[in-house]
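So the structure is just underneath, and the comments pick up after that.
All values below come from the heavy atoms of this structure, side chains included, with hydrogens, waters and symmetry mates left out.
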Amino acid sequence: MNAGTGWCEGCLRTIDEIAAWGALNDQLKREVLALLPKRRRQWRVLRAAAALQAAPGETP
């Protein structure tokens, strides 16, 4: 789990989403899955920003 985002670094779901997954109906699962593309884009931006801060002046 990433402390900054609250998302699993593998699946990008929150701990609450992961814990509830087995009890969610199909519609709620689809709603969670619909959030993931936006989170993936945000995750890439955050990782790129972190890489730039870790190595200023270097090309990631």
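- Residues W7 and R39 are in side-chain contact: their nearest non-hydrogen atoms beyond the backbone lie under 4.5 Å apart.
- Atom CG of L36 sits about 7.5 Å away from atom SG of C11, to the nearest 0.5 Å.
- Taking all atoms of both residues into account, the shortest heavy-atom contact from N2 to T5 is OD1-N, 2.9 Å.
- Remark: K38 NZ to Q42 CD distance equals 5.5 Å, nearest 0.5 Å.
- Follow the hydrophobic side-chain contacts under 4.5 Å out from L12 and you reach L28 in the same cluster.
- Between the side chain of E17 and the backbone N or O of T14, at least one donor-acceptor pair lies under 3.5 Å.
- Under the 4.5 Å side-chain contact rule for hydrophobic residues, L33 and W43 share a cluster.
- Cation-pi check for R13 over W21 is met; the charged atom lies under 6.0 angstrom from the ring centroid and within 45 degrees of its normal.
- Under the 4.5 Å side-chain heavy-atom criterion for grouping Ile, Leu, Val, Met, Phe, Trp and Tyr, L35 is not connected to L24 through any hydrophobic cluster.
- Across every non-hydrogen atom of P37 and A34, the tightest pair is CD-O, 3.4 Å.
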